[in-house]
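A short write-up of the structure that comes next.
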2 protein chains.
Amino acid sequence: MVENLKEEVLRLHAQVCSGLADPNRILIIYSLADGPRNVNDIASKMELPQPTVSRHLKILRERSIVRADRDGQTINYRLADHRIIRALDLLRAALADQLKDQALLATQVNENLVG
Amino acid sequence: MVENLKEEVLRLHAQVCSGLADPNRILIIYSLADGPRNVNDIASKMELPQPTVSRHLKILRERSIVRADRDGQTINYRLADHRIIRALDLLRAALADQLKDQALLATQVNENLVG
DNA sequence: ATACTATATGCATATATGTGATTATATGCA
DNA sequence: TGCATATAATCACATATATGCATATAGTAT
């Protein structure tokens with residue numbers, strides 16, 4: 001019973017994470033970091049077809065990463081929880097350090113080859 | 001040029017995130033939080049076939065989420081950067097709050113229906 | 001009703017997943 | 001050096017899911 005609960009939470013967890021697995025969706029999330037945006041704003045900013053953005057927003061909605069508020073004709077999307085930005089920033093920091101280390105390693109290898 | 005760089009980093013970022021998109025991989029990551037483990041340990045602990053775990057580990061390796069160190073006959077896997085645990089915990093906290101809110105909302109709706 | 005905005009659907013293509021069977025790699029010992 | 005063993009990775013297959021785009025539908029305001 002407890003195992004099922006754990007598994008369910010894990011599944012949800014993974015579901016949230018799968019919402020982050022596309023570059024366009026990460027861009028959308030960051031574009032919402034400053035405040036709400038509607039679909040067309042995001043689409044024109046990202047230079048993507050509107051249906052494509054809409055589909056990504058649907059995925060983000062289903063995972064409760066963003067919320068939709070209708071305001072007249074437009075629907076504004078906003079982040080459901082800004083901790084997602086902090087989580088992404090943590091991953092970016094880790095990624096940056098890793099790339100830095102790889103670059104350093106490449107330089108050292110190159111120096112060894114040259115020197 | 002700068003745009004290409006940004007896109008490349010985003011792609012990498014999404015690649016890292018896609019490594020988190022499977023429940024079994026999240027379990028593997030958490031099972032490595034306490035220290036290194038080899039493939040068979042993880043497989044028996046998770047009750048999954050060894051090739052399945054090996055495949056997930058390959059994905060995690062390709063995304064530099066885990067690193068492999070050979071020690072004699074066994075290969076021990078460890079987390080490349082523990083910030084990934086912090087990022088996952090942030091997402092879990094956000095998810096937990098959200099589930100709590102939903103439960104609260106459900107209770108309130110129920111009270112309204114009953115009372 | 002009409003124009004405008006946003007969402008949903010259908011299709012083709014591409015990628016992910018789990019599992020059993022097989023192969024590869026490295027170690028340990030004669 | 002050569003062989004046996006333990007460990008891990010890969011292959012092959014079926015199934016499932018994700019993606020992009022074009023088109024169609026639904027909802028809102030004037």
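Residue numbering restarts at 1 for every chain, and letters A, B, ... go by the order of the sequence lines.
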Margin query: Taking the cut-offs as 6.0 angstrom to the six-membered ring centre and 45 degrees off its axis, would you call Arg92(A) and Tyr30(A) a cation-pi pair?
Written below: yes
Notebook entry, point to check: Does any donor-acceptor pair link the side chain of Arg55(A) with the base of dG10(C) at a separation under 3.5 Å?
Noted result: yes
Note to self: With side-chain contact (heavy atoms from CB on, under 4.5 Å) as the test, pick out the partner of Asn24(A) among Val53(A), Leu48(A), Ile29(A).
What the structure shows: Leu48(A)
Notebook entry, point to check: Is Pro51(A) touching bases, backbone alone, or none of the nucleic acid, heavy atoms closer than 4.0 Å?
Noted result: base
Check: For Arg37(A) and dA6(C), what is the distance between atoms CZ and P respectively, to the nearest whole Å?
Finding: 14 Å
Checklist line | Length of the CE-C1' vector between Met46(A) and dT19(D), whole Å | finding: 14 Å
Note to self: I'd like to know if Gln73(A) reaches the base of dA6(C) with its side chain, counting only an N/O donor and acceptor under 3.5 Å.
What the structure shows: no
Note to self: Using every non-hydrogen atom in the two residues, find where Asp69(A) and Arg78(A) come nearest and quote the distance to one decimal.
What the structure shows: OD2-NE, 2.7 Å
Margin query: From CG of Leu48(B) over to C1' of dA8(D), roughly how many Å is that when rounded to an integer?
Written below: 16 Å
Checklist line | Selected nucleotide, minimal atom distance to Thr52(A) side chain, candidates dT19(C), dG20(D), dT10(D) | finding: dG20(D)
Check: If you pin Asp71(A) and Arg25(A) to their nearest nucleotides in DNA chain D, which one's is more 5'?
Finding: Arg25(A)
Check: Starting at CG of Asn40(A) and ending at P of dA3(C), how long is that distance when rounded to a whole Å?
Finding: 18 Å
Check: Is a side-chain N or O of Asp71(B) found less than 3.5 angstrom from the main chain of Thr74(B), in a donor-acceptor match?
Finding: no
Checklist line | Interatomic distance, Asp69(B) CG vs dA26(C) P [rounded to whole Å] | finding: 15 Å
Next item on the list: Give a yes or no answer on whether the side chain of Arg25(B) reaches the backbone of His56(B) with a donor-acceptor pair at less than 3.5 Å.
Entry: no
Next item on the list: Check whether any side-chain heavy atom of Tyr77(B) sits under 4.5 Å from a side-chain heavy atom of Val39(B), and report yes or no.
Entry: yes
Note to self: Closest-nucleotide mapping onto DNA chain C: is Asp22(B) or Thr74(A) further toward the 5' terminus? I mean the 5' end.
What the structure shows: Thr74(A)
Item checked: Heavy-atom neighbours of Arg86(A) CZ exceed 12 at 6.0 Å -> no
Next item on the list: Nearest whole angstrom, please: distance from the C1' of dA9(D) to the CD1 of Ile42(B).
Entry: 14 Å
Notebook entry, point to check: Does Tyr77(B) put a side-chain nitrogen or oxygen below 4.0 Å from OP1 or OP2 of dA9(D)?
Noted result: yes
Note to self: I'd like to know if the side chain of Arg63(B) reaches the main chain of Gln15(B), judged simply by a donor and an acceptor atom lying under 3.5 Å from each other, with no hydrogens or angles considered.
What the structure shows: yes
Notebook entry, point to check: Between Asn24(A) and dG20(D), is there a side-chain N or O to OP1/OP2 distance below 4.0 Å?
Noted result: yes
Notebook entry, point to check: Under a 3.5 Å cut-off for both distances, is dC29(C) Watson-Crick or wobble paired, and to whom?
Noted result: dG2(D)
Notebook entry, point to check: If you look at every strand shown and take non-hydrogen atoms under 4.0 Å, does Asp41(A) touch a base, only sugar-phosphate, or nothing?
Noted result: nothing
Item checked: Nucleic acid contacts - residues 56-64 of chain A versus DNA chain C, non-hydrogen atoms under 4.0 Å -> Lys58(A), Arg61(A)
Check: Quick one: Ile75(A) CD1 to dA26(D) P, roughly how many Å, whole number?
Finding: 15 Å
Note to self: From CD of Gln15(A) over to C1' of dT17(C), roughly how many Å is that when rounded to an integer?
What the structure shows: 17 Å
